[in-house]
Every structure is written in C-alpha cells, then in structure tokens.
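Below is one structure, written out as structure tokens; the observations come after it.
Counting starts at 1 for both ligands and their atoms, following the listed order.
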Amino acid sequence: MEARRTASGSVAPAALDPTNLPVHIAIIMDGNGRWAASRGLSRAAGHQAGVDAARRTVRACDALGIRALTLFAFSTENWSRPTAEVDALMDLLGRAVRDEAQELMARGVRIQVSGDLTELDAALREQIEQIVALTQPNPGLVLNIAYNYGGRAEILQAVRAMAADLQAGRVTGEIDEDLLRRYLYTPDLPDPDLLIRTGGEQRISNFLLWQLAYTELYFCDVYWPDFSEADLTAALRSYQQRLRRYGGVKGT
Ligand code: FPP
C-alpha cells in the first residue's frame with residue numbers, strides 16, 4: 001500500500017482511488033448476536049444495533065458514489081432461529097422501512113429486494129412492496145435487501161421458471177448464462193465487485209451463489225454493529241490492491 005507522511009511526520013495510509021471503487025458491494029452482516037452477548041444484551045438488541053450500522057453504511061456508500069449495495073438481512077435458514085428472534089427480525093425490517101423511508105427518498109436511494117417475499121406476513125410484504133414502488137424512480141444508490149434469501153433457492157426458482165417458459169414456448173433458443181440470469185431476483189444489478197463479511201467467519205453461507213463467481217472477498221473480525229466508515233474504507237483499500245483477472249493472465 002502506498003503511504004504518505006502527514007504534517008506531524010506519521011505515515012498515513014493512501015487515500016482511496018475514486019476511479020477504482022466497486023460498482024456493487026454485497027455485505028454479510030454477521031456478529032449481531034455475539035456483539036449483544038458481549039454486552040449482556042438480547043440478540044434482538046444486537047439486530048437493532050445492526051440496523052444502525054446498516055444506516056451508517058448506506059450513508060457512507062452514498063457519499064462515495066457506490067452504485068449498488070446488497071445487504072443480507074434474513075436468510076432462508078434464519079427461520080430455524082427461536083420464534084422470538086425471527087419475530088424481532090421481521091419487526092425490525094418493518095420498522096426500518098417506516099423510519100428510514102424519508103431519508104432514503106431524500107438521498108434518491110432505490111430499494112430492491114432479493115428473496116421470496118411470499119412467505120412473509122402479508123402486511124410486511126405490502127409495506128416492502130410499497131417502498132420498492134415508491135423508490136423505483138430514484139436515480140441514486142440501489143439498496144438491495146436480501147430477505148428470506150437463499151442462493152440455491154434463487155437458482156432453483158430461476159431454473160424452474162425458465163423451464164416453464166421454454167416448455168410453453170414463451171422463450172426460444174439457447175439456454176445460456178444470459179438467459180438464466182434473466183430469471184434471477186435482480187437481473188439488472190451487476191454482479192458484486194466486493195463481498196464483505198463481518199464477524200470473523202470466512203464462508204459464503206448460501207449468499208449470491210451465482211453472482212459471486214468473480215467477486216473479491218473481504219473478511220473482517222469486527223462484529224456488524226461495530227462496523228464503521230473506517231472499516232468500510234479498510235475493505236475498499238484492500239479491494240483496490242487486488243488485481244482482478246477473471247480467469248485471464250496478469251496485465252492482459
Ligand atoms: C447475523 O448475525 C445477522 C442476521 C441474521 C441479521 C442481520 C440483520 C440486521 C443487521 C438487521 C436488519 C437490517 C436491515 C437492513 C433491515 P447473527 O445473529 O448470526 O450473529 P452471531 O453470529 O453473532 O450470532
């Protein structure tokens with residue numbers, strides 16, 4: 001990493017290169033439970049603090065001019081958690097949609113959702129659909145919330161829908177990557193350039209299995225509620241040191 005000397009003589013890390021920022025960042029926001037336990041708080045309080053970290057991250061990405069941010073907020077596997085925790089997570093999403101709508105509109109943020117909303121409570125689903133519709137014309141950051149999301153489930157529903165369309169003659173021609181992609185939850189979003197996972201684990205956990213094929217991975221130990229703008233900058237600095245080759249040869 002390039003370093004420069006500050007006026008006081010200490011070495012400061014190089015500033016981020018604004019021409020080499022990821023277009024799309026995806027985040028596995030892990031560590032809410034451990035953050036809460038380390039403070040003697042409930043897991044729900046950890047998730048609430050996680051919403052605050054999500055808000056800070058949206059603001060920071062918006063300020064940097066990042067085009068898209070995907071946040072993994074509830075996985076298809078999270079239903080197996082205690083009912084009280086599942087309820088708290090659902091409540092949090094409803095509350096976040098209500099409380100954040102004004103700021104998101106003011107920032108021109110466009111909300112999208114990746115996941116199967118049919119399994120959610122009808123009122124919550126309607127609330128989500130409303131904010132998606134309301135923010136649809138916005139020109140700014142695309143905030144994609146992965147909710148009741150599973151990577152294998154996404155690919156499976158895409159294959160089923162594609163097969164049905166092929167069988168009915170609604171689509172014709174080659175089955176190729178471009179065709180399959182059209183059936184994914186958010187076909188218009190570019191694949192993430194950078195995946196960040198907080199909380200110390202180093203795995204993908206069924207997240208964006210198709211889309212992460214060439215994504216740069218960044219793991220950090222900080223629990224999600226503590227994730228700060230400085231942590232985001234550290235992830236971006238790491239990203240800017242990577243040479244992305246997409247299976248090719250260095251320098252070509
Ligand atoms: C993983 O931490 C986190 C989740 C399962 C939920 C993430 C949800 C939020 C941050 C709040 C909702 C956000 C939005 C944008 C509405 P964990 O509970 O598995 O933590 P642990 O590994 O320490 O137990």
Side-chain angles (χ1 to χ4, degrees), residues 25-62 66 68-104 107 109-117 119-121 123-125 127-132 135 141-151 153 185-186 192 195-208 219-228 231-232:
I25 300 175
I27 305 185
I28 300 177
M29 308 178 287
D30 197 11
N32 296 347
R34 282 165 288 163
W35 179 91
S38 71
R39 287 165 172 72
L41 299 171
S42 67
R43 292 183 62 81
H47 296 314
Q48 174 58 58
V51 174
D52 298 337
R55 187 188 307 107
R56 285 197 302 273
T57 304
V58 169
R59 287 176 181 165
C61 287
D62 184 31
I66 303 294
L69 173 66
T70 293
L71 298 178
F72 200 2
F74 192 90
S75 78
T76 46
E77 290 73 32
N78 287 152
W79 293 107
S80 66
R81 295 190 175 204
T83 312
E85 185 175 347
V86 171
D87 289 349
L89 281 165
M90 296 286 158
D91 273 3
L92 268 187
L93 180 65
R95 212 155 349 119
V97 167
R98 263 196 312 278
D99 296 351
E100 310 299 331
Q102 205 178 350
E103 176 173 344
L104 294 172
R107 288 182 183 274
V109 172
R110 176 150 57 97
I111 305 281
Q112 294 194 350
V113 179
S114 285
D116 180 3
L117 298 187
E119 291 176 8
L120 302 192
D121 171 79
L124 178 59
R125 187 177 165 186
Q127 227 184 321
I128 297 169
E129 285 168 352
Q130 274 173 6
I131 197 160
V132 169
T135 62
L141 173 75
V142 175
L143 176 57
N144 181 37
I145 309 285
Y147 213 84
N148 195 22
Y149 177 85
Y185 290 131
T186 50
L195 171 78
I196 298 172
R197 181 176 186 144
T198 61
E201 311 286 358
Q202 302 198 358
R203 53 178 172 259
I204 299 303
S205 297
N206 199 19
F207 190 40
L208 302 176
F219 301 101
C220 63
D221 290 335
V222 56
Y223 294 148
W224 174 249
D226 287 331
F227 190 78
S228 65
D231 295 313
L232 178 65

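Without hydrogens or angle criteria, Arg110 side chain to Ala68 main chain gives no donor-acceptor distance under 3.5 Å. Side-chain atoms of Trp224 never come within 3.5 Å of backbone atoms of Thr198 as a donor-acceptor pair (strictly under, hydrogens ignored).
Remark: Glu103 engages Arg59, Arg107 in a salt bridge (Lys or Arg N to Asp or Glu O under 4.0 Å) (not counting sequence neighbours). Listed by chain and residue number, Glu154 satisfy the side-chain hydrogen bond (donor to acceptor under 3.5 Å, both in side chains) test with Tyr149 (two or more places apart in sequence, or in another chain).
Separation of atoms CD (Glu100) and CD1 (Ile131) is listed at 9.0 Å; rounding is to 0.5 Å.
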Check ligand 1 for close polar pairs with the protein: N or O on both sides, less than 3.5 Å.
| from | atom 1 | to | atom 2 | distance (Å) |
| --- | --- | --- | --- | --- |
| ligand 1 | 2 (O) | Asp30 | OD1 | 3.4 |
| ligand 1 | 2 (O) | Gly31 | N | 3.4 |
| ligand 1 | 18 (O) | Arg43 | NH2 | 2.9 |
| ligand 1 | 18 (O) | Arg81 | NH1 | 2.8 |
| ligand 1 | 19 (O) | Asp30 | OD1 | 3.3 |
| ligand 1 | 19 (O) | Arg81 | NH2 | 2.8 |
| ligand 1 | 20 (O) | Gly31 | N | 3.4 |
| ligand 1 | 20 (O) | Asn32 | N | 3.2 |
| ligand 1 | 20 (O) | Gly33 | N | 3.0 |
| ligand 1 | 22 (O) | Asp30 | OD1 | 3.0 |
| ligand 1 | 22 (O) | Arg34 | NE | 3.4 |
| ligand 1 | 22 (O) | Arg34 | NH2 | 3.1 |
| ligand 1 | 23 (O) | Gly33 | N | 3.3 |
| ligand 1 | 23 (O) | Arg34 | N | 2.7 |
| ligand 1 | 23 (O) | Arg34 | NE | 2.8 |
| ligand 1 | 24 (O) | Arg43 | NH1 | 3.2 |
| ligand 1 | 24 (O) | Arg43 | NH2 | 3.1 |

Run the side-chain donor-acceptor check on residues 28-38: report pairs under 3.5 Å with partners two or more places apart or on a different chain.
| from | atom 1 | to | atom 2 | distance (Å) |
| --- | --- | --- | --- | --- |
| Asp30 | OD2 | Arg34 | NH2 | 3.4 |
| Asp30 | OD2 | Arg197 | NH2 | 3.0 |
| Asn32 | ND2 | His47 | ND1 | 3.0 |
| Arg34 | NH1 | Gly199 | O | 2.8 |
| Arg34 | NH2 | Gly199 | O | 3.3 |
| Trp35 | NE1 | Asp226 | OD1 | 3.0 |
| Ser38 | OG | Arg34 | O | 3.4 |
| Ser38 | OG | Trp35 | O | 2.8 |

